[in-house]
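Here's the structure, in structure tokens; my notes come after.
One-based numbering along the sequence shown. Just so you know, these numbers use all the heavy atoms, side chains as well, and skip hydrogens, waters and symmetry mates.
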Amino acid sequence: MSLYKRGSIWWVEIVHHGQRIRRTTGAETKAAAQEFHDRLKAELWRQGSLGEQPAHAWEDAVIRWLDENEHKKSLSDDKDRLRWLTARLAGRSLVSITSDTVRELIAAKRAEKSGGGQYKRKEPSPLSLSTVNRYMSALSAVLNSAVVWGWIPTAPKIPKLSEPKKRIRYLTREETCSLITELPIHLAEMACFSLATGLRENNVLELEWNQVDTARRIAWAHGDQTKNAKPLAIPLNDEALAVLLLRRGEHPRFVFTYDGHPVSKASNHAWYKALARAGIEEFRWHDLRHTWASWHVMSGTPIEVLKELGGWSDLRMVMRYAHLAPGHVARFAGNAKPFSAPTNYPTAQTETA
């Protein structure tokens with residue numbers, strides 16, 4: 001038997017039939033850790049002697065799930081959510097995670113406050129329901145996988161909280177000029193390129209010169225760089241080309257750099273300071289993509305064309321912008337003529353007069 005501490009938490013290490021088993025006890029006292037050890041030993045004996053199915057621990061499921069999903073582009077976000085869940089489920093067997101457990105986790109997450117931040121909000125506010133849903137989706141992914149593996153017979157149902165619908169946030173041309181003026185030069189160039197191409201933040205940060213052909217006025221993102229895992233061709237308009245010409249020769253590999261090094265994050269403190277100085281509130285870097293798409297639609301770009309330009313795999317994602325382009329249906333508005341208006345009925349011309 002071996003008990004040892006990592007930080008303030010006791011861990012147990014047991015050799016069972018030649019296999020070394022390490023688990024966190026989730027306990028901060030040695031007495032509680034000893035109790036966990038004794039239960040684990042008894043459980044292992046019942047499995048070996050009586051043929052009982054092993055009671056797999058939450059941590060074991062997390063490790064296997066991460067191994068099987070290491071290709072996911074959002075894995076770093078998943079890891080953050082699983083760390084939060086593991087801090088509350090450490091030492092628990094999967095079969096002990098019930099609907100009551102899920103309700104407790106939802107309540108615990110909803111009780112947390114979001115970081116206010118000097119440049120986002122003055123005071124911390126309650127977490128959004130969408131944030132809570134993402135944490136519960138991570139829980140659901142692990143538990144549903146455990147069902148597939150045969151580790152548990154069923155998984156508890158995890159409710160999805162109703163999220164309020166949000167308006168598309170985009171900038172006017174005047175707001176854009178104000179923001180670009182306030183940004184430091186390297187962020188201003190990245191923002192202008194984003195507004196000209198609609199690229200997501202990571203695609204701008206990772207863009208290399210070998211992915212750019214200014215002569216053919218095109219750039220591209222590889223399949224392992226895009227959200228839908230498909231290569232994306234990016235037509236370069238005059239504004240995008242102008243930015244690339246400014247950046248040419250600044251770095252041998254990456255297009256966008258700062259002080260000779262690739263930029264790791266665009267939405268940093270300098271970004272939020274510039275937003276504050278420009279008087280722009282509740283605006284994220286990703287909203288530059290919304291701005292690009294909104295400008296396209298308001299200028300008459302068909303929704304189907306916008307889908308291809310933006311690299312969306314689902315047309316429903318692009319339909320969020322359809323209401324900004326009523327012009328393409330305006331010519332049909334006069335088709336519904338159930339009656340003829342009386343001659344003395346006021347018209348737009350008579351009312352204007």
Side-chain angles (χ1 to χ4, degrees), residues 72-77 117 119-120 169-173 175-278 280 282-296 306 308-312:
K72 284 190 66 178
K73 296 184 181 299
S74 60
L75 191 62
S76 60
D77 294 331
Y119 310 109
K120 296 181 183 179
R169 180 72 169 99
Y170 64 92
L171 297 180
T172 63
R173 307 280 178 174
E175 288 176 320
T176 303
C177 290
S178 297
L179 176 58
I180 297 300
T181 301
E182 295 294 345
L183 285 170
I185 185 63
H186 71 289
L187 288 181
E189 291 171 345
M190 292 173 62
C192 288
F193 192 77
S194 298
L195 288 166
T197 60
L199 282 178
R200 295 180 174 89
E201 180 179 357
N202 283 345
N203 294 133
V204 176
L205 296 176
E206 298 171 1
L207 187 65
E208 300 183 23
W209 287 113
N210 60 17
Q211 297 171 251
V212 175
D213 187 339
T214 54
R216 295 172 54 215
R217 300 174 66 97
I218 192 170
W220 54 90
H222 302 296
D224 60 354
Q225 296 175 313
T226 61
K227 191 173 182 179
N228 62 7
K230 296 180 180 179
L232 174 65
I234 308 143
L236 301 174
N237 57 22
D238 291 341
E239 289 75 14
L241 285 171
V243 173
L244 292 175
L245 290 176
L246 286 172
R247 295 299 310 165
R248 180 70 72 180
E250 293 292 329
H251 193 273
R253 179 180 174 186
F254 290 99
V255 174
F256 296 100
T257 58
Y258 175 66
D259 199 21
H261 301 284
V263 181
S264 60
K265 189 172 181 61
S267 53
N268 52 24
H269 282 266
W271 164 258
Y272 288 111
K273 287 180 180 178
L275 286 173
R277 290 194 299 269
I280 298 172
E282 300 297 325
F283 192 81
R284 309 162 302 162
W285 185 276
H286 188 72
D287 292 327
L288 293 174
R289 179 172 166 87
H290 291 320
T291 300
W292 166 83
S294 300
W295 288 356
H296 258 290
L306 181 62
E308 298 302 319
L309 287 172
W312 282 285

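Remark: Arg248 pairs with no residue by the salt bridge (charged side-chain N to carboxylate O under 4.0 Å, His left out) rule, at least two apart or across chains.
At a threshold of 4.5 Å between non-hydrogen side-chain atoms, the residues Leu195 and Glu239 do not count as touching. In this structure, the side chains of Asn268 and Tyr258 stay at 4.5 Å or more apart for every pair of heavy atoms. For the pair Leu288/Phe193, no side-chain contact is recorded, criterion being any heavy-atom separation below 4.5 Å from C-beta on. At a threshold of 4.5 Å between non-hydrogen side-chain atoms, the residues Leu187 and Met190 count as touching. When side chains are defined from C-beta on, Leu179 counts as touching Trp271, because their heavy atoms get closer than 4.5 Å. Side chains of Gln211 and His222 form a contact here, defined as non-hydrogen atoms less than 4.5 Å apart. Inter-residue side-chain proximity for Arg169 and Ile280 is flagged as met; some heavy-atom pair is nearer than 4.5 Å.
Residues Ala240 and Ala196 share a closest heavy-atom pair of N-CB, 3.7 Å. Considering every non-hydrogen atom in both Val263 and Leu205, the closest pair reads O-CD2, 3.4 Å. Scanning all heavy atoms of the two residues, the minimum distance from Cys192 to Val243 falls at CB-CG2, 3.9 Å. The shortest heavy-atom contact between Lys230 and Thr226 is O-OG1, 2.7 Å. Ile234 approaches Ala221 most closely through the heavy-atom pair CD1-N, 3.9 Å. Here the closest heavy-atom approach between residue Phe256 and residue Leu207 is recorded as CE1-CD2, 4.3 Å.
At distances below 3.5 Å, at least one donor-acceptor pair connects side-chain atoms of Arg289 with backbone N or O atoms of Gly310. Remark: side-chain polar atoms of Ser267 are not paired, donor with acceptor, to backbone N or O of Trp285 under 3.5 angstrom.
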List the steps and the verdict of side-chain contact (heavy atoms from CB on, under 4.5 Å) for Val255 and Trp209. CA-CA 6 Å; Val255 174; Trp209 287 113; 3.8 Å; yes
CA sep, side-chain torsions, deciding dist, call: Trp292, Leu306, side-chain contact (heavy atoms from CB on, under 4.5 Å): CA-CA 10 Å; Trp292 166 83; Leu306 181 62; 3.7 Å; yes
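For the atom pair Lys227 NZ and Trp312 CH2, the distance stands at 10.5 Å (nearest 0.5 Å). In this structure, the separation between OH on Tyr272 and CZ on Arg277 is 14.5 Å, given to the nearest 0.5 Å. Expressed to the nearest 0.5 Å, how far SG of Cys177 lies from CD of Glu175 amounts to 10.5 Å. In this structure, His286 NE2 and Thr291 OG1 are separated by 10.5 Å, a value rounded to the nearest 0.5 Å. Remark: Glu206 CD to Gln225 CD distance equals 5.0 Å, nearest 0.5 Å. The CG atom of Leu232 sits 9.0 Å away from atom CG of Leu309, with the distance rounded to the nearest 0.5 Å.
Screening residues 184-203 for side chain to side chain donor-acceptor pair (under 3.5 Å) gives Glu189-Arg247 as the qualifying pairs, with residues at least two apart or on separate chains.
Taking the six-membered ring where the residue is Trp, His251 and Phe254 present tilted rings, their angle falling between 30° and 60°.
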